There are 2 protein chains.
Amino acid sequence: MPRPRTTETADRIRAAALELIAEKGVQQTSLREIAERVGITKPALYYHFASREELVRSLVRPLIDDVEAMLAAADAESGPRALLGAYFDVTYRNRHITQMIMRDLSVLALVDLTTAVATWRGRLVELLIGKDPTLAQQARAWMAIGGMDDCTAGFRDVPKEALREAVLDAALATLGR
Amino acid sequence: MPRPRTTETADRIRAAALELIAEKGVQQTSLREIAERVGITKPALYYHFASREELVRSLVRPLIDDVEAMLAAADAESGPRALLGAYFDVTYRNRHITQMIMRDLSVLALVDLTTAVATWRGRLVELLIGKDPTLAQQARAWMAIGGMDDCTAGFRDVPKEALREAVLDAALATLGR
DNA sequence: GTCTATACTGTGATAGAC
DNA sequence: GTCTATCACAGTATAGAC
């Protein structure tokens with residue numbers, strides 16, 4: 001077993017990128033700035049990530065994987081409260097990424113992850129209200145899920161448990177439970 | 001009275017910009033593309049708009065003004081259904097702009113209109129649930145307002161009246177009425 | 001395997017001719 | 001009101017040093 005390495009450069013790049021993006025948004029953050037903060041040059045960054053898109057994709061990936069794992073383990077019988085609670089936990093755990101996406105949804109298109117997100121949104125809707133929902137049901141589901149994401153991204157100075165309770169309460173009211 | 005002029009170039013630029021932005025997003029649309037569609041060169045575009053930001057700001061302005069006018073005329077006594085109905089009408093009337101903003105909230109920062117939007121959101125929350133809301137009330141208000149915007153931007157092939165009914169129903173459920 | 005030097009393309013933006 | 005020419009800088013890309 002090799003001795004523990006100092007932090008990998010790629011990880012340091014990701015960390016710096018997430019910080020800067022949190023401050024200024026995805027499109028407003030240049031690769032030069034990121035490289036500068038890490039203490040390397042722009043082309044050196046290019047060695048670790050083939051493009052700007054690939055860097056951003058590697059930031060978003062953990063959230064996608066986390067949500068998909070949660071959905072795979074989700075039990076349709078467990079009811080909306082448990083389901084939305086699990087969803088909140090995942091997006092809150094990855095809230096820096098959630099904030100980044102909520103601030104600029106078009107990054108999903110940039111990194112070609114729009115369909116992945118649309119897919120798990122659809123799956124969530126199905127678990128919450130079944131197949132072939134009416135327009136009214138769809139609107140309620142969208143409002144509940146999107147609103148949870150919105151609150152997770154927006155209420156940054158609220159302790160987790162208080163936020164969790166408030167958000168779940170609101171989402172369940174939206175769904176009419 | 002002068003004879004009716006052909007469409008002003010500035011208006012044609014705005015129209016072309018809105019079309020292209022609807023297709024590809026704000027940050028993904030270049031000034032060259034916009035100028036090309038209008039049939040002029042990039043510097044000619046700069047004669048009409050001092051910067052890219054100013055062009056985008058002039059696109060967002062009508063929505064802001066429309067919402068602010070609606071809020072100024074809003075009666076606190078008229079109740080949440082009338083208030084949210086009026087809000088839906090305004091965002092739906094300007095839905096191309098609403099779509100643009102929902103797709104990339106960071107454009108508001110780009111054109112320095114974040115506080116304007118935050119202000120009327122706050123006013124809306126106050127009209128809906130009063131001053132000094134609890135966290136739970138705030139979450140519900142955010143979910144209702146943000147969810148309406150989300151649905152207005154997202155359900156593009158639903159007739160207005162059907163959408164209006166579905167969205168109002170969901171928003172009122174969220175608020176607990 | 002990691003980075004530097006260098007260069008290419010396209011972008012927002014300006015100056016000045018017509 | 002529109003053009004040509006030009007700028008600085010961004011993202012991207014490769015060649016080669018160590």
Side-chain angles (χ1 to χ4, degrees), chain A residues 1-60 100 103-104 106-113, chain B residues 2-60 100 104 106-113:
Chain A
M1 192 150 132
R3 65 177 168 76
R5 282 204 255 172
T6 57
T7 315
E8 293 283 341
T9 308
D11 286 342
R12 291 174 51 221
I13 292 172
R14 264 192 289 267
L18 210 47
E19 277 177 40
L20 285 165
I21 286 172
E23 285 173 32
K24 331 189 332 167
V26 176
Q27 308 280 359
Q28 288 74 37
T29 302
S30 76
L31 296 184
R32 187 190 51 75
E33 286 175 293
I34 298 170
E36 222 165 54
R37 175 162 300 201
V38 177
I40 61 177
T41 62
K42 204 168 55 164
L45 191 154
Y46 206 78
Y47 168 77
H48 296 279
F49 298 94
S51 70
R52 173 201 191 75
E53 294 181 19
E54 202 190 284
L55 169 56
V56 176
R57 189 165 15 239
S58 85
L59 293 177
V60 178
M100 176 178 111
R103 178 169 179 165
D104 181 357
S106 72
V107 305
L108 290 177
L110 177 76
V111 301
D112 217 51
L113 250 29
Chain B
R3 65 177 169 76
R5 282 203 257 173
T6 57
T7 315
E8 293 284 339
T9 309
D11 286 342
R12 291 173 52 221
I13 293 172
R14 263 192 290 267
L18 210 47
E19 277 178 40
L20 286 165
I21 286 172
E23 286 172 31
K24 330 187 332 167
V26 177
Q27 308 279 0
Q28 288 73 38
T29 303
S30 75
L31 295 184
R32 187 189 50 75
E33 287 175 292
I34 297 170
E36 221 165 55
R37 175 162 300 199
V38 177
I40 60 177
T41 60
K42 209 168 49 164
L45 193 154
Y46 267 89
Y47 171 78
H48 297 279
F49 298 95
S51 72
R52 173 203 186 75
E53 292 182 20
E54 200 189 284
L55 169 56
V56 176
R57 188 166 16 236
S58 86
L59 294 177
V60 178
M100 177 179 109
D104 182 357
S106 73
V107 305
L108 290 177
L110 177 75
V111 300
D112 216 50
L113 250 30

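All chains are named by letter (A, B, ...) in the order of the sequence lines, taking the proteins before the strands, and each is independently numbered beginning at 1. Computed from a prediction, not measured in an experiment: that's the story for all the values here.
- Remark: side-chain polar atoms of Arg12(B) are not paired, donor with acceptor, to backbone N or O of Arg37(B) under 3.5 angstrom.
- Tyr47(A) has no side-chain polar atom (N or O) that falls below the 4.0 Å cut-off from OP1 or OP2 of dC3(C).
- The structure places OG1 of Thr9(B) at 4.0 Å from NE2 of His48(B), a figure rounded to the nearest 0.5 Å.
- Listed pair Thr9(A) / dT2(C) fails the phosphate criterion, with no side-chain N or O lying under 4.0 Å from OP1 or OP2.
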Please tabulate the protein-to-nucleotide N/O contacts below 3.5 Å involving nucleotides 7-10 of chain D, giving atom names and distances.
{"unit_1": "dA10(D)", "atom_1": "OP1", "unit_2": "Arg32(A)", "atom_2": "NE", "d": "3.3"}
{"unit_1": "dA10(D)", "atom_1": "OP1", "unit_2": "Arg32(A)", "atom_2": "NH2", "d": "3.3"}
{"unit_1": "dA10(D)", "atom_1": "OP2", "unit_2": "Arg32(A)", "atom_2": "NE", "d": "3.4"}

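- When side chains are defined from C-beta on, Gln27(A) does not count as touching Ser106(B), because their heavy atoms never get closer than 4.5 Å.
- Summarising the geometry, atom CG belonging to Leu110(A) is positioned 4.5 Å from atom CD belonging to Glu53(A); distances are rounded to the nearest 0.5 Å.
- Note on Arg32(B) versus Glu36(B): salt bridge recorded, some NZ/NE/NH1/NH2 to OD/OE distance being below 4.0 Å.
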Contacts under 3.5 Å, N or O only, protein and nucleotides 14-17 of chain D:
none

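- Taking only side-chain nitrogens and oxygens, His48(A) never comes nearer than 4.0 Å to OP1 or OP2 of dG1(C).
- Shown here are the side chain to side chain donor-acceptor pair (under 3.5 Å) partners of Lys42(A), two or more places apart in sequence or in another chain: there are none.
- Here the straight-line distance linking atom OG1 of Thr41(B) with atom CG of Leu31(B) works out to 11.5 Å at 0.5 Å rounding.
- Distances shorter than 4.0 Å separate none of the side-chain N or O atoms of Thr41(A) from OP1 or OP2 on dT2(C).
- In this structure, the CG atom of Leu45(A) is 12 Å from the C1' atom of dT12(D), given to the nearest Å.
- Glu54(A) has its CD atom 16 Å from the P atom of dG11(D), to the nearest Å.
- Distance CZ (Phe49(B)) to P (dT2(D)): 12 Å, rounded to an integer number of Å.
- Here the side chains of Ile40(A) and Ile13(A) are in contact, with some heavy-atom distance below 4.5 Å.
- Taking atom CD1 of residue Ile40(A) and atom P of nucleotide dT2(C), one finds them 12 Å apart after rounding to whole Å.
- The NZ atom of Lys24(A) sits 6.5 Å away from atom OG of Ser30(A), with the distance rounded to the nearest 0.5 Å.
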